[in-house]
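For this chain, numbers begin at 1 and follow the sequence in order.
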Amino acid sequence: MTPTMGRRRSVAFGAAGAALLMTLAACGSSSSGGSATGDSTTSPGSGTDWSTAQAAADGGGMDALVAAAKAEGTLNVITLPRDWANYGNIMDDFTKKYGIKINDANPDGSSQDEINAMQQLKGQSRAPDVLDMGTSFAITATTDGLLAPYKVASWDDIPAAEKDVDGNWFDDYGGYVAIGYDPSKVKTPPTSFKDLLNPIYKNQVGINGDPTETGAGFAAVYAAALANGGSFANIKPGVDFFQKLKQVGNFVPGTSSATTVQSGQTPIFIYWDYLQASEVAPHVPGYKIVIPTDGQYAAYYSQAISATAPHPAAARLWEEYLYSQEGQNLWLQGFARPAELDTLVSGGTVDETAYKALPAVPNPKLSFPTADQLTAAQAVVAKDWPTELGG
């Protein structure tokens with residue numbers, strides 16, 4: 001099952017990190033793509049066909065790339081809400097820096113919508129240039145020959161487990177499933193999934209939608225499984241946990257959001273840490289976010305370039321910008337953990353204020369399910385959630 005829900009609820013549904021790298025290595029495409037318009041993709045005033053460039057050096061270096069991108073003058077992005085991981089500021093800063101207009105199509109769309117747009121709008125000037133999608137979707141797009149391999153200047157700073165060896169996709173930012181709560185309504189702070197079973201939290205705990213349909217809901221179940229004796233190969237304890245949470249009267253079915261937290265309908269919210277920070281905290285005074293001590297589940301999104309991008313130079317400049325120190329710190333300022341965070345920290349170039357604002361991760365051990373484990377887990381949730389939780 002691969003859901004196609006709105007982007008705000010489909011966070012990195014298939015981001016399986018290190019294991020997916022191995023899966024993709026055998027099927028990575030090095031297709032260089034072609035013109036999105038049927039004409040030459042040689043950028044105005046340039047002798048370079050940027051649609052085939054797999055690094056800035058292929059077209060003469062960064063100065064040449066900047067010049068070509070400015071000559072194109074436009075960048076088409078897709079499914080980027082302005083309040084998602086600081087993308088509003090990121091897009092504004094890119095335009096200010098390079099004078100390139102950004103068209104953001106379908107801001108609340110899904111990763112599948114991005115794939116559909118590449119296929120359906122191929123050959124049109126409004127087709128997407130760049131993608132920001134769950135890793136499983138990037139794998140599918142690679143297998144289907146939809147992506148153009150490209151390696152940014154800081155390629156070596158992206159952990160090997162977080163990129164396709166051929167450059168078809170590369171992780172950008174991510175975060176952890178977290179427990180958020182409104183301290184004005186929740187007087188005893190929960191710090192673990194086990195805590196949430198306390199009767200004092202009656203009718204207070206929500207997740208971001210049905211986990212058979214939403215990535216964030218599914219991630220909450222996976223995290224609960226890890227907290228209750230399960231594993232990446234066994235998500236069933238997570239379903240059982242929410243059944244028990246419902247039986248004690250604490251779980252509130254449905255789609256929780258900043259609105260339901262604000263209204264008091266679900267003053268405790270299990271959701272991604274960086275979206276709690278950017279979407280919920282601004283609307284709930286004193287809102288608290290904690291990474292649970294007993295169940296830590298993390299996931300990343302992935303960047304990619306369309307093989308038929310109508311603005312191939314601008315697409316590649318966008319990626320260079322995102323993976324520069326400037327771009328990485330802007331994601332960090334959106335409370336997301338950028339792919340090159342370790343390099344920023346070790347090199348002393350991290351935005352210390354933003355870094356210190358991240359929720360603490362107790363005993364961090366970042367790992368991911370394999371593609372097969374993820375598929376099996378989705379099947380278990382699809383089968384057992386409706387039965388145990390009543391849909």
Side-chain angles (χ1 to χ4, degrees), residues 2 4 6-7 10 28-46 48-54 56 58-59 65-66 68-82 84 87 90-91 94-95 98-150 152 164 166-170 172 301-322:
T2 301
T4 56
R7 179 177 180 84
S10 62
S29 168
S30 59
S31 169
S32 60
S35 171
T37 61
D39 300 325
S40 171
T41 52
T42 301
S43 299
S46 167
T48 298
D49 180 355
W50 282 99
S51 71
T52 65
Q54 298 189 22
D58 293 348
L65 177 59
V66 171
K70 286 183 174 181
E72 289 175 351
T74 302
L75 175 74
N76 295 342
V77 303
I78 185 171
T79 70
L80 299 184
R82 291 184 63 84
W84 181 288
Y87 260 122
I90 290 170
M91 290 187 284
F94 179 80
T95 294
Y98 297 111
I100 295 172
K101 177 185 177 182
I102 293 181
N103 298 318
D104 183 12
N106 194 11
D108 292 322
S110 69
S111 294
Q112 184 61 49
D113 289 334
E114 297 182 55
I115 292 178
N116 294 343
M118 280 191 288
Q119 295 171 324
Q120 296 167 6
L121 300 178
K122 180 179 178 181
Q124 300 183 33
S125 62
R126 62 193 181 100
D129 290 307
V130 290
L131 301 312
D132 180 341
M133 54 176 54
T135 305
S136 67
F137 293 91
I139 289 174
T140 297
T142 299
T143 303
D144 292 343
L146 299 176
L147 304 179
Y150 185 79
V152 294
D164 166 43
D166 293 325
N168 289 286
W169 57 264
F170 27 101
D172 42 22
Y301 264 106
S302 298
Q303 282 290 317
I305 297 173
S306 171
T308 53
H311 310 102
R316 285 154 176 79
L317 181 60
W318 171 252
E319 302 299 352
E320 295 287 358
Y321 170 76
L322 293 179

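Interatomic distance, Y87 OH to R82 CZ, rounded to the nearest 0.5 Å: 13.0 Å. The CE atom of M133 sits 11.0 Å away from atom CG of D172, with the distance rounded to the nearest 0.5 Å. If you take CZ on F170 and CD on E319, they are separated by 4.5 Å, rounding to the nearest 0.5 Å. Rounded to the nearest 0.5 angstrom, I78 CD1 and E114 CD are separated by 5.5 Å. To the nearest 0.5 Å, atoms CG (L131) and OG1 (T79) are separated by 8.0 Å. Considering CE of M118 and CG of L146, their distance stands at 4.5 Å, rounded to 0.5 Å.
Of the residues listed (N168, T52, D164, T142), the one engaging P149 in a side chain to side chain contact (heavy atoms under 4.5 Å, CB included) is N168, and it is the only one.
Judged by distance alone, the side chain of D129 and the main-chain N or O of L75 form no donor-acceptor pair under 3.5 Å. Panel note: side chain N76, backbone S125; a donor-acceptor pair is recorded below 3.5 Å. With hydrogens and angles ignored, the 3.5 Å screen pairs a side-chain donor or acceptor of R316 with a backbone N or O of S51.
Applying the side chain to side chain donor-acceptor pair (under 3.5 Å) test to Y321 and every residue at least two apart in sequence or in another chain returns D93. Scored by the side chain to side chain donor-acceptor pair (under 3.5 Å) test, D104 finds no partners at all (sequence neighbours excluded).
The two residues L65 and A56 make their nearest non-hydrogen contact at CD2-CB, 4.3 Å. Across all their heavy atoms, G59 and W50 have their closest contact at CA-CH2, 3.5 Å. The nearest pair of heavy atoms linking P310 to P128 is CD-O, 4.0 Å. A pairwise comparison of heavy atoms in L147 and A138 identifies CD1-O, 3.6 Å as the closest pair.
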Before giving the answer on side-chain contact (heavy atoms from CB on, under 4.5 Å), spell out for Y301 and S111 the whole-Å C-alpha distance, their side-chain angles and the decisive distance to 0.1 Å. CA-CA 10 Å; Y301 264 106; S111 294; 4.1 Å; yes
Check: Is there a side-chain contact (heavy atoms from CB on, under 4.5 Å) between R126 and N103 once you walk through the steps?
Finding: CA-CA 8 Å; R126 62 193 181 100; N103 298 318; over 6 Å; no
